[in-house]
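Single-structure report; data block below.
Computed from a predicted structure; not experimentally measured.
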Amino acid sequence: MKIAVLVKEVPDAAVEKRIDASGRLDRSGEKNLNPYDTHAIEAAVQLKEGGTIPVEEIVAITAGPAGAERALHKAVSLGADRSVLLSDDAVAGSDVIATGYALAKLLERESPDLVLLGQQSDDGENYTIGAVVGEFLGYPSLTQVVKLDIAGETITAERQAEYGYDTVEIDLPAVISVGDAINEPRYPSLKAIMGAKKKPLEKITIADAGIEADKVGAAGSKIECGNFTEPPKKSGGTIIEDEDTSATVEQIVAWLDERKLI
Amino acid sequence: MAGILVYALTNEGAINKNSLGAVSQAAKLAGELGTEAHAVVVGNVDDAVAGSLGEYGAAKVFRAKDAPEGVSTPAVDVLAKLFADNDYDYAIFGGGLLGFEIGAGLAARIGAGITAEVTGVKVEGGKLVAQRPILGDSLISESNYKGKGVLIGRTNAFEATQSGSAASVEDITVDLSPQAGKVRLVKRGEQRGADINIEDANVLVAGGRGLGAAEGFQLAEDLAAAFGGGAAVGATRAVVDAGWFPYAGQIGQTGKTVAPKLYVAAGISGAIQHKVGMQGSENIIAINKDANAPIFEFSDLGIVGDVQKVMPALTEAVKAKKGS
Ligand SMILES: Cc1cc2nc3c(=O)[nH]c(=O)nc-3n(C[C@H](O)[C@H](O)[C@H](O)COP(=O)(O)OP(=O)(O)OC[C@H]3O[C@@H](n4cnc5c(N)ncnc54)[C@H](O)[C@@H]3O)c2cc1C
Ligand SMILES: Nc1ncnc2c1ncn2[C@@H]1O[C@H](COP(=O)(O)O)[C@@H](O)[C@H]1O
């Protein structure tokens, strides 16, 4: 079996995310592999190590700027065998549908048995790429999976939906986005980090992947985002740094008392 | 007819509250656009239940009896057929997990633009403009659709309002796509852990991953007990998924929505999916050791500290105050 993991480079959690003058996310600061995607890689590695089904290969795939190589190196250090980077100016500014279309085209070149994704990108927060990719590929898809068992050609997955936990069977090939409770991603070893740069990283253009230029990028997108405004701020709460705990709790109790909450 | 189609999620014969909100929102927008809002239910939903969507503003209700409810692909097939037959301009979803999946699948299938986490919608130049918070709720962005549009609401963003009367229900048959048979719901809505009531509590002490382990919930139980009757303990999805706390006590997008007089968030980061279930609380206290945790942005009193230190001391102080 071949597993493809979709990964994305996002601004580091510590960086304050901003919109730049062109109306796109400012990607100039420190960047990192989307933390949610490390759970998808870990899920792939656990399937490979678990041995219930033979996993020949784990391929990490991303669509992003040239610098996204770093995210792929990290994905490889976490257990992917090789990686593919679609980096083409034509893709910049793609919306969810255009991104999903491009990723589906990259996946068609690989024809994996299983596509894994993170539950959300830290910068996009759309939760939707998995379902879009599945639709373009004609594969069944499922999101937010927190337990995943494979037997033969069928996966039994569990996830929490709006009424409690659902158990769902899904036939391969399939697209599955995993929730962050599925596993505890491991830290890469120093050896794995050093070795990651030596593993194959294929850089391709939209032409290589057979992606139609007018279906991607800002022009190929179905929505235009703009008119960014700041939401009304809830008047800032009081903050207490807990240095002397008995003084802290005294302040809390006084605060509660003032509001007749105690 | 150009108009708006709303997917109404059902479970055990009842319509989801967020779907009712989406119908009301769609009806209001359809009025402004000079068109109609229609709704669709999937599965063998009762006539009266399906028709009741009319009370929330649906001019017409479709029902695909033979398509299975609870997984996305069959519903995508149903909505795509209705789009093909009726040429709607927009689809609106009340959010939730299935709303995201079905909305995304539909948008890809019919070539529509998609906006998730929508908190507001307005009409401009005869078109819908969707507003959604981005970048950790620090900005609101507006989506303009070049053609058809799919809008997926944030949990509790759309309010259900009863305005009209029951609508007629039209049964439709849909040929399901090959991939629809490849996803099969085996068990739905399993409740894990004890059945506890958090919705009626006036004081809620909610615990997150910061409590460290299932045993850490004792700190929350003790504080709730100190407040006395009317206080209960709740939790985040992270700890429910980890098996530290029953699902019935989960607050947020795929859990309960609560609005107690006092909400104490202990070791909770304040993710958006948690926030949507508790931001209506009258007073919010957060205890978190990370000064940058998002929870501090919407709490009234924030304690930057360790729950292991602050909670036991607070429990004692509350007890002492109560006793005095
Ligand atoms: C579709 C979907 C639906 C979801 N539905 C829900 C839902 O219904 N409800 C929900 O809650 N979540 C939901 N989530 C998950 C949500 O995104 C978050 O993952 C979750 O709320 C995080 O839980 P947490 O705050 O307990 O954990 P974390 O985000 O890990 O936060 C733990 C916090 O504890 C702090 N901490 C650690 N140790 C200590 C200490 N000793 N003292 C003090 N503070 C400490 C840390 O600084 C951190 O801020 C959903 C997600 C998706 C995608
Ligand atoms: N440009 C991209 N390249 C590769 N994978 C992506 C990209 N954007 C999103 N993803 C994947 O889709 C998941 C969900 O992202 P989103 O729908 O944007 O919240 C992420 O966790 C990634 O696994």
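Looking at B:Phe100, the atoms closer than 4.5 Å to chain A (heavy atoms on both sides) sit in the backbone and in the side chain alike. Only the side chain of B:Ile272 comes within less than 4.5 Å of a heavy atom of chain A; its backbone N, CA, C and O stay farther away. When heavy atoms are compared at a cutoff of 4.5 Å, A:Leu25 approaches chain B solely by way of its side chain, counted from C-beta outward. Residue contact with chain A, scored on non-hydrogen atoms closer than 4.5 Å, involves the side chain of B:Gln250 exclusively. Interface residue A:Gln144: only side-chain heavy atoms are found under 4.5 Å from chain B. In this structure, chain B has heavy atoms under 4.5 Å from both the backbone and the side chain of A:Val132. Looking at A:Glu158, only its side chain comes within 4.5 Å of chain B, counting heavy atoms on both sides. For a residue to count as touching a neighbouring chain, one of its non-hydrogen atoms must lie under 4.5 Å from one of that chain's; by this rule A:Gln119 touches chain B with the side chain only. For A:Thr143, the parts sitting under 4.5 Å from any heavy atom of chain B are the backbone and the side chain alike. At a 4.5 Å heavy-atom cutoff, the contact between A:Leu142 and chain B is made by backbone and side-chain atoms alike. In this structure, chain A has no heavy atom under 4.5 Å from any part of B:Ala130.
Distance SG/A:Cys225 to CG/A:Asp95: 7.5 Å, rounded to 0.5 Å.
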Residue pair A:Asp122, A:Lys8: steps toward the salt bridge (Lys or Arg N to Asp or Glu O under 4.0 Å) verdict: CA-CA 9 Å; A:Asp122 223 12; A:Lys8 189 181 187 190; over 6 Å; no
Next on the checklist: Applying side-chain hydrogen bond (donor to acceptor under 3.5 Å, both in side chains) to B:Asp241 and A:Tyr165, what does each step give before you reach the verdict?
Outcome noted: CA-CA 9 Å; B:Asp241 273 344; A:Tyr165 285 86; 2.5 Å; yes
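Of the residues considered (A:Ser221, A:Ser246, A:Gly134, A:Gly23), A:Ser221 shows the highest number of contacts with chain B, using heavy-atom pairs under 4.5 Å. Most heavy-atom pairs under 4.5 Å with chain B, from the set A:Arg18, A:Lys17, A:Glu125: that is A:Glu125. Contact tally against chain B (heavy-atom pairs below 4.5 Å) for A:Ser141, A:Gly237, A:Gly124, A:Ala157: the top residue is A:Gly237.
No more than 12 heavy atoms of other residues, nucleotides or ligands shown are found within 6.0 angstrom of NZ on B:Lys261.
Residues that satisfy the side-chain hydrogen bond (donor to acceptor under 3.5 Å, both in side chains) test with B:Lys321, not counting sequence neighbours, are A:Asp257.
Between the side chains of A:Tyr36 and A:Ser177, no donor-acceptor pair is found at a separation under 3.5 Å. Side-chain N/O atoms of B:Ser177 and B:Asp77 include a donor and acceptor closer than 3.5 Å.
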